[in-house]
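Atoms within each ligand, like the ligands themselves, are counted from 1 in listed order. In this text, all values refer to a predicted model and were calculated from it rather than measured experimentally. Note that these values count all heavy atoms, side chains included, but never hydrogens, waters or copies made by symmetry.
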Amino acid sequence: MSAIKAATLFNVSSHPLLFLSLLLGLSSFLDLRCRAQTQTLVDHEVKVLQTIGSKLNKTWNFDVDPCSNVTGWVDRENKMTNYANNVTCGMCDTTTNTCHVTSIILKGQNLTGELPAEFADLTYLDTLDLTRNYLNGTIPAKWGTLRLTNL
Ligand SMILES: *[C@@H]1O[C@H](CO)[C@@H](O)[C@H](O)[C@H]1NC(C)=O
Ligand SMILES: *[C@@H]1O[C@H](CO)[C@@H](O)[C@H](O)[C@H]1NC(C)=O
Ligand SMILES: *[C@@H]1O[C@H](CO)[C@@H](O)[C@H](O)[C@H]1NC(C)=O
Ligand SMILES: *[C@@H]1O[C@H](CO)[C@@H](O)[C@H](O)[C@H]1NC(C)=O
Ligand SMILES: *[C@@H]1O[C@H](CO)[C@@H](O)[C@H](O)[C@H]1NC(C)=O
């Protein structure tokens, strides 16, 4: 008898409000999970990017995590031709959700200075595009340790 009552009570399809609250509970649970899985860049690579940014006069916003995949680190709307601005992460540690920089594309940004050797400290970097800037100097010997597939 009471089992039947309980079954009726939890027949969610016949109780729109219960159904709705279950749905809301589920979506906020999923939302929490997503936020818990937000990826961040490993600390030492944040410092490397800060050094590179200061050497190239590139004003990245470090109040936002470089792996956040948001505007400033990844620009989806490229209003100007021959312009691109993307920092992409990968090789994430699934337990800590910390990642490495795998791609840096800074195209047509009028960046100045000498090519920073510090790119070589981003050990998982496989793509580097610095075309259409005003960079000078020679390719640092240290870059020899990088395993770039696109330069
Ligand atoms: C660095 O960039 C700022 C604007 O972001 C510019 O005013 C300044 O002249 C640049 N410095 C160099 C050395 O290019
Ligand atoms: C970055 O964000 C875009 C759109 O907001 C999404 O399509 C893409 O999958 C995201 N990439 C990563 C690696 O999270
Ligand atoms: C930059 O990243 C965005 C979002 O992932 C992508 O749509 C765009 O093609 C990338 N631009 C370049 C030049 O790779
Ligand atoms: C680079 O400089 C050119 C010429 O001064 C200018 O038209 C362009 O908007 C600049 N690009 C960026 C990304 O600042
Ligand atoms: C590179 O350009 C900067 C100015 O943007 C200058 O101070 C520096 O001496 C130049 N270096 C070389 C090796 O030409």
Q: Measure the spacing between NZ of K58 and OG1 of T112 and express it to the nearest 0.5 Å.
A: 12.0 Å
**Q.** Approximate separation, where rounding is to 0.5 Å, of L128 CG and L122 CG
**A.** 9.0 Å
Q: Return a yes/no value: protein heavy atom under 4.0 Å from atom 2 (O) of ligand 4?
A: yes
(Q) Under 4.0 Å from atom 8 (C) of ligand 4, is there at least one protein heavy atom? (A) yes
Q. For the residue pair L49 and W73, what are the closest heavy atoms and their distance?
A. CD1-CZ3, 4.0 Å
Q. Of the listed options (N85, N110, N133), which comes nearest to atom 6 (C) of ligand 4 when hydrogens are ignored and any heavy atom counts?
A. N110
Q | Polar atom proximity, N136 to ligand 5 (N or O, under 3.5 Å) | A | yes
Q | Per-residue contact class, R76 against ligand 2 - non-hydrogen pairs under 4.0 Å | A | side chain
Q: Report the C-alpha separation of K142 and D121 in whole Å, then their side-chain angles, then the decisive distance to 0.1 Å, and conclude whether the salt bridge (charged side-chain N to carboxylate O under 4.0 Å, His left out) test is met.
A: CA-CA 9 Å; K142 213 177 153 189; D121 297 329; 3.0 Å; yes
Q: Using distance alone, with no hydrogens and no angle criterion, decide if R76 and N85 have a side-chain donor and acceptor under 3.5 Å apart.
A: no
Q. To which protein heavy atom is atom 13 (C) of ligand 4 closest, and what is the distance rounded to 0.1 Å?
A. G108 O, 3.5 Å
